[in-house]
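Data first, discussion second: the structure below is written as structure tokens.
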Number of protein chains: 2
Amino acid sequence: MLVQGQNREDVRQHNLSIVLRMLHLRGSVSRSELTAVTGLNRSTISDLVSELEELKLAHETDGAVASGVGRPSHMVSAVENVVAISVHTEFDATTVGVVSLSGKVLSKKRLLSSGKPTPENSVKLAAKEIARLRSEMKSDVRIAGVGIAVPGQVRVSDGVVRLAPHLGWVEVPLGPMMSQATGLPVFLDNDASLGCMAERNFGSARELSDVVFLYAGSGGIGGGAIVDGHQLRGAAGYAGELGHVRISAGNAKDYSGLSGTLESLVRRDDLLDIFKFDSAADEELDAEIGSTKSAKAIKLLNEQIDALGLGLSNFVNIFNPQVVVLAGFLTSLFRFDEERLINRMREGALGAAHERVVIRSAELGSDLLMFGAAELPFGDLISRPSNAKLTTPKGKGAK
Amino acid sequence: MLVQGQNREDVRQHNLSIVLRMLHLRGSVSRSELTAVTGLNRSTISDLVSELEELKLAHETDGAVASGVGRPSHMVSAVENVVAISVHTEFDATTVGVVSLSGKVLSKKRLLSSGKPTPENSVKLAAKEIARLRSEMKSDVRIAGVGIAVPGQVRVSDGVVRLAPHLGWVEVPLGPMMSQATGLPVFLDNDASLGCMAERNFGSARELSDVVFLYAGSGGIGGGAIVDGHQLRGAAGYAGELGHVRISAGNAKDYSGLSGTLESLVRRDDLLDIFKFDSAADEELDAEIGSTKSAKAIKLLNEQIDALGLGLSNFVNIFNPQVVVLAGFLTSLFRFDEERLINRMREGALGAAHERVVIRSAELGSDLLMFGAAELPFGDLISRPSNAKLTTPKGKGAK
DNA sequence: TTGATTTGTTGCCTACGCCAACATAATCCC
DNA sequence: GGGATTATGTTGGCGTAGGCAACAAATCAA
């Protein structure tokens, strides 16, 4: 039982947390709104905001907002000079970006690598870019940490990549390695789980408590879910492998060697083949899907939509979400025939669960995993604002 | 965003809650253990226990427990005269029981009904029994409320049974009806979800944070899950329909008209047929399964085990639980060939997720849903111990 | 300008968890 | 058996942080 008692310090931390989280999610909020949402007293909010200002995590913006009669309320914002560094490791590239606590992607750079990336090379590549970024930062910037989105199963407890089939990694202690190379606190998680969190915090599932998220790229289908406001993690952090759910007795295998799974039935490569692409960006593929007249292609698209719809119906039965968010080329499938996908989903789902569920495309595009990975260090920061461990660009710890 | 601020009262409620919850779950706990687990100060625990005693929700037991050197610690227990009334509505019977806050099923009675039960008749039947039980209770008993386990989808927010196919109920406001008939606070939820919670709180998944639960009876297969310590509910309360997950393209339909679902492939009726039973209690069926030599029966059992294993592998991929708990005749399948079921589950699950998962049989037997349904009113009571609304047997509100 | 309304500020109050000192009841060891 | 040790219960006082009330400030409506 993880039932911890609460003392006064915990209360203060909790209240600071919820204020800071709100600033983080919405960028800036008026004080009166803070009192309304939190249910705390005006004077308490005032005190909390002051403390966050002293911690240099928030500041009052001049632009007061008049919402009708009465004295206008001050706007409070998260600062822009507290940042997280996001890393996304992929088969052929590593992307490194900087995200501000106020919820903006400040920079993003995709570093191409050739051949299968070894963990060592990936870390070296990312660490070098991080060092460069830090050398260019102003001295008043403070870094909350590094968040890494990994296309595979991550043991969150010790930062070990348990298995990343597409990268060919097994039991790689990526967290400790990156921490060693950068001197920064490092957090990692599965890419799709982080994508889910990003869409919930900043994208098309904002403010929702129950979300199912599916992301399909060249490496297969990943999934994530928000359950009652919390990210689905499971006992060891491996939960949410929605692409590896078996929905058919077929023999086609997915990237993990399982047959009949959603991932084996909804394959980007199959679409590339039929359009005779060697490789293509999502935008090209999307354009082709939107304009194709080929009967063969339409047949394949319909088959994929049917399989996806079946998978979604299962997830709806299991999670009863408010919204299903699709990302990657799944959005192209959805746009190709929205009605078909929705119908397939409804056919397989029990009445009550699907009644209100809607399907949406992801909003965050190529920033998705920059936002997502940044949520890991920011989450740590937000959960204990007054004990946060921040680092200056030059490497000194800063309070 | 449901982020509420916390004031001092909330802290007190929270601390009272966790102490009371611990008493409820374990029956009795020593004070020293309370301080250790909660992390609160000895004097604070002392104060909290006193308050719970004043509220007549807990009392100190004489039996001090010596755990080695040092002054022995007092045992604190939940009282036995605060009770919840559990109701389980089924196709052919309604079961009504009384469960104490200290975690004991004090009584249980199965009331047979003939023909499809209308909601009105079920309520009347249960209300009559509840009135009888109340008339027999001592005057110092206090009732936390009525919990109803319903074999179907329940909209938790307003206590409406959205759909219970086996009972033939659609949009039945069972909560308000029962509340009207008894004058007690009424809570309801899906039977399998409640079974899951019961096994987590008192059965074979005790103290675990991530649990998948499958219950199969004559009415099909229901499921529930515990995710990060919280019951899986979904946006409207319809989550956890694990029996209706499609795992095959087959044509057999389940009780909700969906084909290829786990429920359609693992059917109790099929086993009854093959053993030429008209109907049978789980014990009879279990004995027959354990002793059969019939090749046809063995083939069917293996097919069912394979289907179940496939379903479980999906749930393991999705939830990454510590344990999978099986109830109803699924335990017979499990016992028939444990190895086969485990292997099937592992084959379909990704390595990392299945490494540590174990399959267990439910422990609570026929008390399962009595415990489960009681958790609803008790959960309400425990979440706000000092504002609890308790009722005397004679119907007066008692503080 | 005056009144109404909402928000920010200030000083005081109080609830409740913590702490330290002491009392108590067991085991351990000679 | 009796002192030493150890763990727990008890008591009184302290400090912190959220609530509250009164007042100031900034808007809108006349």
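Please read these numbers as outputs of a predicted model, since none were measured by experiment. Note on naming: letters A, B, ... go to the chains in the order of the sequence lines (proteins, then strands), and numbering restarts at 1 for each one. For the numbers below, each heavy atom of this structure counts, side chains included, while hydrogens, waters and symmetry mates do not.
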Give the rounded distance in Å between these two atoms: CZ of A:Arg12 and C1' of C:dC16.
16 Å

Just N and O in the side chain of B:Thr44: are any of them under 4.0 Å from OP1 or OP2 of C:dC18?
yes

A:Asn41 atom CG is separated from C:dA15 atom P, nearest whole Å, by 16 Å

Basic-acidic side-chain contact under 4.0 Å: B:Glu51, B:Arg12
yes

Please report the distance, rounded to the nearest Å, between CD in B:Glu60 and P in C:dA25.
14 Å

A:Leu184 side, atom CG; A:Ile143 side, atom CD1 - distance, nearest 0.5 Å:
5.5 Å

Nearest-Å distance for atom pair CG/P, residues A:Leu40 and C:dT7
15 Å

Atom CG in B:Leu57, atom OG in B:Ser386: separation rounded to 0.5 Å?
9.5 Å

Which letters describe nucleotides 2-8 of chain D, given B = protein heavy atom under 4.0 Å from base, S = only from sugar-phosphate, - = neither?
----BBB

How many whole angstroms separate atom CG of A:Asp10 from atom P of D:dG18?
12 Å

Confirm from the modelled atom types if A:Ser43 and D:dC20 form a donor-acceptor pair under 3.5 Å, side chain to base only.
yes

Measure CG/A:Asn15 against C1'/D:dG18 and give the value in whole Å, please.
8 Å

